[in-house]
Amino acid sequence: MLSNKRIQELELVMEFEKVEECFKEVSSWIENVGRKRLKETINLDDSLEMLLQAQKQFKEFDLVASEYCKRGQEALKKMNQWEDFSFVDGHSYRVKLQSYGDQLEEFCTQLDETRHRVCETVRLYEFFDKVSQGICCTEEGVKS
């Protein structure tokens, strides 16, 4: 039984190392690309045309970022079995998993919030553009 337990632990460590490579790749992308691109969308342009261009660029980024979030979440799911094992080195692995999980959750939340903010800003600008056109048309009609 002890031998079987040790074999399971070794298998789990090998699995963790595979998953950790995925986490490192996702984590590196989040830090080197993802966070920078999210910061770029903080100040959106003042014209509807520029805002629509920014939205298009964000959508392209969002597809890639969502894929990284998905990969990270799938890797976390694979490692849920870590909670069932309490071997000596297990704590350090759980700490790493928690750290990766926290980073991933924070980034995915920021991505969702930015997606919503960009969409709502575009909708607001489109509304103001229609109102502005309606006012101009009304003023022209009154002058005629």
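Position 1 is the first residue of the sequence, and the numbers go up from there. Everything numeric in this text was worked out from a predicted model, so none of it was measured. The figures that follow rest on heavy atoms only: side chains count, while hydrogens, waters and symmetry mates do not.
Counting heavy atoms from C-beta outward, Glu74 and Lys70 have side chains that approach closer than 4.5 Å. Within the 4.5 Å cutoff, the side chain of Lys56 has no heavy atoms near those of the Leu52 side chain. Counting heavy atoms from C-beta on, the side chains of Tyr100 and Glu20 come closer than 4.5 Å. Using a 4.5 Å heavy-atom cutoff, the side chains of Phe58 and Leu111 are in contact. Side-chain atoms of Phe23 and Lys96, non-hydrogen and from C-beta on, never get closer than 4.5 Å to each other. Counting only heavy atoms from C-beta outward, the side chains of Trp29 and Val64 approach each other to under 4.5 Å. At a threshold of 4.5 Å between non-hydrogen side-chain atoms, the residues Asn4 and Met1 do not count as touching. Counting heavy atoms from C-beta on, the side chains of Ile7 and Glu11 come closer than 4.5 Å.
Ionic pairing of Glu31 and Arg35 is present here: one or more N-O contacts between side-chain nitrogen and carboxylate oxygen are shorter than 4.0 angstrom. Ion pair Lys59/Asp62 not flagged as a salt bridge, since none of the NZ, NE, NH1 or NH2 atoms sits closer than 4.0 Å to an Asp/Glu carboxylate oxygen. By the 4.0 Å N-to-carboxylate-O rule, Arg117 lies too far from Glu120 to be salt-bridged with it.
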Candidate pair Asp102 and Glu106, rule side chain to side chain contact (heavy atoms under 4.5 Å, CB included), full reasoning: CA-CA 6 Å; Asp102 291 347; Glu106 178 188 356; over 6 Å; no
Ser99 vs Gln103, side chain to side chain contact (heavy atoms under 4.5 Å, CB included): CA-CA, chis, key distance, verdict: CA-CA 6 Å; Ser99 174; Gln103 179 193 35; 5.8 Å; no
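Note: Thr121 OG1 to His116 NE2 = 9.0 Å, rounded to the nearest 0.5 Å. Within the model, atoms CD of Gln55 and CD of Gln53 stand 10.5 Å from one another, a figure rounded to the nearest 0.5 Å. The CZ atom of Arg6 sits 5.0 Å away from atom CG of Leu2, with the distance rounded to the nearest 0.5 Å. Distance check, rounded to the nearest 0.5 Å: SG of Cys69 to CG of Asp112 gives 7.5 Å. Between atom CD of residue Gln73 and atom OH of residue Tyr68 there is a gap of 15.0 Å, rounded to the nearest 0.5 Å. One distance of note links NZ of Lys130 with CG of Leu48; it measures 10.0 Å at 0.5 Å rounding.
Heavy-atom minimum distance, Cys22 versus Arg71: SG-O, 4.1 Å. Residue Val26 comes nearest to Gly72 through the heavy atom pair CG2-N, 4.2 Å, listed as atom of the first residue, atom of the second, then distance.
A donor-acceptor pair under 3.5 Å links the side-chain atoms of Thr109 to the main chain of Glu105, judged by distance alone. Remark: the backbone N or O of Tyr125 is not paired with any side-chain donor or acceptor of Asp129 at under 3.5 angstrom.
A side-chain contact (heavy atoms from CB on, under 4.5 Å) with Phe61 is found for exactly one of Thr114, Thr41, Leu38, namely Leu38.
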